[in-house]
Peer 1: 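Can you keep this structure in mind? I'll have questions shortly.
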Amino acid sequence: MELLSEDQQLVADSAAGFLRDSQPITAFRALRKAGDDANSAITANLAELGWMGVVLPEAIGGVGLGYRAAGLIAEELGRNLTVSPFVSSAIIAGTALASIGGGGAAFWAGQIASGQAIVALALEERAKHRPDCIATSIQATSEGLRLSGRKGFVVDGGLADCLLVVAKRDDAPCLLMVDPKAAGVTVTSQVMLDHRNAATVLLENVAVAETDLLTHGPEAKRVLAKTLAAGRAVVAAEQLGVAKAAADQTFEYLRTRKQFGVLIGQFQALQHRAADLHCELAQTSSLIAAALNALDEDSPEVETLSRAAKAKMAQVGRQANEEAVQMHGGIGMTDEMDLGLFMKRDRALTEYLGDAGHHTEWLLRQRGI
Amino acid sequence: MDLETFRSDARAWLEANCPAEMRTPMGEDDICWGGRNFVFRSPAQKQWLHVMAEKGWTVPSWPKAYGGGGLSGDEQKILGQEMQRISARPPLQSFGIWMLGPALLHFGTEDQKRHYLPQIARGEIRWCQGYSEPGAGSDLAGLQTKGVDTGDHFEVTGQKIWTSYADQADWIFCLVRTEPDEKKHTGISFLLFDMESEGVSTKPIKLISGASPFCETFFEAVKVPKDQIVGERGQGWTIAKYLLTHEREMIGASDSALFAKSDLAQDAVTALGLDETGRLDDALLRAELGQFLVDELCFDAHLDMTGAYMRAGHELGARSAELKYLGTELNKRRQSLRVAAGGSDNLVWEGTANDTGQVAKDWLRSKANTIEGGTSEVMLSILSKAVLKMPG
Ligand SMILES: Cc1cc2nc3c(=O)[nH]c(=O)nc-3n(C[C@H](O)[C@H](O)[C@H](O)COP(=O)(O)OP(=O)(O)OC[C@H]3O[C@@H](n4cnc5c(N)ncnc54)[C@H](O)[C@@H]3O)c2cc1C
């Protein structure tokens with residue numbers, strides 16, 4: 001029901017068409033079977049379509065279509081369970097690098113847009129999203145600057161050509177580029193429940209040049225806030241796509257499966273739950289769109305809306321996926337159906353950049369309670 | 001006219017014409033309903049209605065020929081923003097504006113539009129809605145009030161119930177079975193008549209909130225002239241449903257308009273205080289407030305998007321049930337949390353302060369939101385059939 005601009009409608013249509021034809025869920029299943037969590041070929045394809053630079057300005061190689069457009073792409077990636085570094089690299093790392101601007105940052109942003117490099121954000125240090133709890137730090141030693149710490153849940157960290165690390169220097173936050181192959185860096189790839197890559201990264205006295213340090217202090221704080229807000233809104237959009245796919249498949253099942261001599265969609269107990277889910281998805285879709293629009297307009301509402309969107313999507317994503325399995329009965333539990341794949345992806349996306357509890361707590365604090 | 005010019009003109013006009021007393025927060029008693037018997041609470045309220053009606057801005061979206069402002073979608077939005085900017089009260093609220101008007105614009109004859117719509121726009125005639133009957137609530141099409149064709153008029157006999165403000169309204173739009181031999185849905189007609197007609201009587205019903213906003217309404221051989229039918233004979237159900245989509249949009253969207261939208265978080269802190277970690281001193285209430293805040297932001301965004309969609313010229317149709325369901329369920333939560341946030345202070349029913357008991361009364365009143373205009377269960381059934389295409 002949301003109104004789109006002509007450009008945005010074009011992006012939405014081409015995303016739906018391209019992914020349905022070239023990256024359907026059967027492609028995801030093939031990757032899983034082959035033990036491939038990289039899907040390397042896709043990065044070049046997405047770059048060719050302009051998607052890897054969708055939020056990046058033209059001056060550094062992007063197409064500058066903005067976050068609403070990015071959300072429309074992410075939603076289709078979610079629907080098709082497409083494995084790609086779109087969110088981790090093009091949106092999250094891309095937003096950080098573009099808002100830092102200047103030499104090194106602009107170079108890497110250009111590499112992302114052209115599909116030449118994948119950049120992953122190394123932020124988390126705890127099992128839950130706690131962007132303020134950073135122990136990784138840069139120390140000045142007699143041999144120069146040294147970086148030490150341990151990062152977890154580095155999404156696409158095992159595939160990345162470069163790591164964008166959040167650390168402390170003199171007790172203030174900073175962002176720096178780290179080569180995963182440098183001495184002292186140990187990247188341990190993990191395959192997560194949704195068959196996506198996430199690494200743990202051990203940093204032991206890694207040598208850091210001043211030029212690797214992209215931003216520091218209040219400026220780094222600003223960059224990180226913008227990056228996380230963009231990440232939240234686009235992750236929520238991908239999760240919405242997953243939830244809609246699960247819901248659509250379920251509504252179709254209610255219209256075709258018979259028990260007691262009637263279609264199960266005739267049972268009012270199921271009709272009402274399905275309709276409630278429809279309403280929740282509709283309003284969540286509006287909230288995510290509002291958060292994405294706020295990013296495009298650089299509105300002061302970005303922080304609140306992106307957090308609310310991430311929190312709400314966690315709740316509705318769970319509702320959609322649990323209802324999907326339950327309303328399918330036994331067959332919903334089989335790996336042959338896609339429902340389990342949706343459920344696992346949904347669970348991972350809920351945790352990515354903070355769950356409902358984390359963001360609701362922020363809103364409560366914000367309101368002074 | 002370009003939109004920026006429209007905005008500055010509207011701003012200047014409102015500044016010059018909106019009385020200061022009409023720029024303060026309003027309670028339920030401050031609503032201007034209009035009608036023959038309406039007693040204005042102040043000269044300012046009367047003046048405000050008068051100037052806004054002259055301008056066509058009591059119904060900004062209606063065509064000028066029928067007393068409206070003839071504004072485009074974008075202009076309506078700007079006018080709304082400019083009124084909000086100075087906290088201007090709505091000059092007039094009525095069932096005529098929300099419900100009958102849209103139905104007449106769609107189904108009325110040219111004569112009917114020219115006759116009835118300007119009276120609504122100027123607040124001269126107050127309408128009530130005669131749909132529900134003792135035996136026909138959710139199953140509205142089962143209604144039994146009959147209208148017998150006696151040649152030059154219909155003779156209406158029967159009983160309605162839950163008729164909001166029937167004792168204060170001037171006219172009623174009423175569903176009546178005029179074709180007893182037709183099927184349930186095709187035997188109904190949509191009639192308009194004066195509540196002062198011979199044979200009409202009303203009896204107020206008291207609500208759990210203490211107020212008596214609705215009535216039992218009785219018709220004993222009421223004569224209704226034949227030109228007071230909207231649409232064709234037997235077409236009443238179609239018109240009734242169309243009108244309901246507008247009623248539902250209104251109820252869904254009015255979660256904040258009809259009730260004070262107080263700052264729940266602030267109220268809770270004031271009443272209950274913070275613990276040593278700076279959190280509200282009631283962990284469960286705090287968690288519920290958190291979830292409510294998220295859902296409120298979500299629904300507000302949805303209303304915004306839906307509003308833009310409608311202003312772009314789309315009709316919501318069955319999806320009005322979506323707004324009705326979400327908005328009313330949310331408002332019930334808001335009102336429950338409001339009572340809880342005040343603790344025992346909000347249980348005082350009679351006292352000296354002039355808003356004593358208001359929070360509790362609003363809380364009780366809000367329970368009706370998920371019943372009036374079609375229950376939540378009925379909304380879900382409509383959505384499952386019309387939108388999700390679930391079988392029978
Ligand atoms: C404050 C208020 C103002 C009102 N104002 C007006 C007015 O101005 N004019 C007017 O005409 N009416 C008015 N109404 C009436 C209102 O529209 C009806 O109360 C409503 O449609 C429900 O009908 P009912 O009360 O007969 O309940 P019932 O239909 O008897 O419903 C009882 C319960 O059964 C459930 N139920 C019924 N059918 C089904 C089904 N098929 N599937 C599942 N559950 C079902 C309902 O959801 C409800 O929970 C007003 C009501 C209130 C509370």
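Quick caveat, the model's predicted, so the values are computed rather than measured. To find a chain, count down the sequence lines: A is the first, B the second, and so on, and within it residues start at 1.
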Peer 1: With a 4.5 angstrom heavy-atom cut-off, could you sort out which part of Leu274(B) is near chain A: side chain, backbone, both or neither?
Peer 2: side chain
Peer 1: Quick check on the interface: out of Val262(A), Asp276(A), Leu263(A), Ile264(A), who has the most heavy-atom pairs with chain B under 4.5 Å?
Peer 2: Asp276(A)
Peer 1: When you measure from the side chain of Glu323(A) to the backbone of Arg273(A), do you find a donor-acceptor pair of N or O atoms at a distance under 3.5 Å?
Peer 2: no
Peer 1: Using non-hydrogen atoms only, which part of His278(A) is less than 4.5 Å away from chain B: side chain, backbone, both, or neither?
Peer 2: side chain
Peer 1: Output the option from Leu363(A), Leu254(A), Thr304(A) having the highest count of non-hydrogen pairs under 4.5 Å with chain B.
Peer 2: Leu254(A)
Peer 1: So which residue, Lys389(B), Met379(B), Lys385(B), Arg319(B), ends up with the most heavy-atom pairs under 4.5 Å with chain A?
Peer 2: Arg319(B)
Peer 1: Does Ser306(A) reach the main-chain N or O of Glu303(A) with its side chain, forming a donor-acceptor pair under 3.5 Å?
Peer 2: yes
Peer 1: If you define the side chain from C-beta out and look only at heavy atoms, does anything of Pro173(A) sit under 4.5 Å from Ile134(A)?
Peer 2: no
Peer 1: Report which part of Glu252(A) has an atom under 4.5 Å of a heavy atom belonging to chain B: side chain, backbone, both, or neither.
Peer 2: neither
Peer 1: In terms of heavy-atom proximity below 4.5 Å to chain A, should Leu293(B) be classed as side chain, backbone, both, or neither?
Peer 2: side chain
Peer 1: For Gln319(A) and Glu322(A), which I'm curious about, is there any donor-acceptor pair between the side chains at under 3.5 Å?
Peer 2: no
Peer 1: Can you confirm whether more than 12 heavy atoms, excluding those of Arg255(A), are under 6.0 Å from its CZ atom?
Peer 2: yes
Peer 1: Go through the steps to decide whether Glu125(A) and Arg130(A) satisfy the test salt bridge (Lys or Arg N to Asp or Glu O under 4.0 Å), and finish with yes or no.
Peer 2: CA-CA 8 Å; Glu125(A) 300 187 5; Arg130(A) 293 289 179 270; over 6 Å; no
Peer 1: Are a donor atom and an acceptor atom from the side chains of Asn369(B) and Ser366(B) found within less than 3.5 Å of each other?
Peer 2: no
Peer 1: Is chain A contacted by the side chain of Leu316(B), its backbone, both, or neither, given a heavy-atom distance below 4.5 Å?
Peer 2: side chain
Peer 1: Between Arg257(A) and His328(A), is a side-chain contact (heavy atoms from CB on, under 4.5 Å) present by the stated rule, with each step listed?
Peer 2: CA-CA 9 Å; Arg257(A) 164 78 174 164; His328(A) 273 80; over 6 Å; no
Peer 1: Need one label for Tyr309(B): side chain, backbone, both or neither, based on atoms under 4.5 Å from any heavy atom in chain A.
Peer 2: both
Peer 1: Checking heavy atoms, do the side chain of Gln268(A), its backbone, both or neither come under 4.5 Å from chain B?
Peer 2: side chain
Peer 1: Relative to chain B, which segment of Asn293(A) carries a heavy atom at a distance below 4.5 Å: side chain, backbone, both, or neither?
Peer 2: side chain
Peer 1: Could you look at Ile369(A) and say if it's the side chain, the backbone, both or neither that has a heavy atom under 4.5 Å from chain B?
Peer 2: both
Peer 1: Go through the atoms of Glu329(B) and report whether side chain, backbone, both or neither lie under 4.5 Å from a heavy atom of chain A.
Peer 2: neither
Peer 1: Out of Asp295(B), Leu383(B), Leu326(B), which one racks up the most heavy-atom pairs below 4.5 Å with chain A?
Peer 2: Leu326(B)
Peer 1: Chain A: which of Ala301(B), Gly290(B), Ser384(B), Pro391(B) shares the most heavy-atom pairs with it under 4.5 Å?
Peer 2: Pro391(B)
Peer 1: Can you say whether Ala312(B) sits under 4.5 Å from chain A via the side chain, the backbone, both, or neither, judging by heavy atoms?
Peer 2: side chain
Peer 1: Under a plain distance cut-off of 3.5 Å, with no hydrogens placed, do Arg365(B) and Gln335(B) share a side-chain donor-acceptor pair?
Peer 2: no
Peer 1: With distance as the sole test, does Asp275(B) use its side chain to make a donor-acceptor pair with the main-chain N or O of Gly278(B) at under 3.5 Å?
Peer 2: yes
Peer 1: Would you check, one step at a time, whether the test salt bridge (Lys or Arg N to Asp or Glu O under 4.0 Å) holds for Glu75(A) with Arg79(A)?
Peer 2: CA-CA 6 Å; Glu75(A) 190 175 326; Arg79(A) 220 175 232 291; 5.0 Å; no
Peer 1: Which answer fits Ala289(A), side chain, backbone, both or neither, if we ask what part of it has an atom under 4.5 Å from a heavy atom of chain B?
Peer 2: both
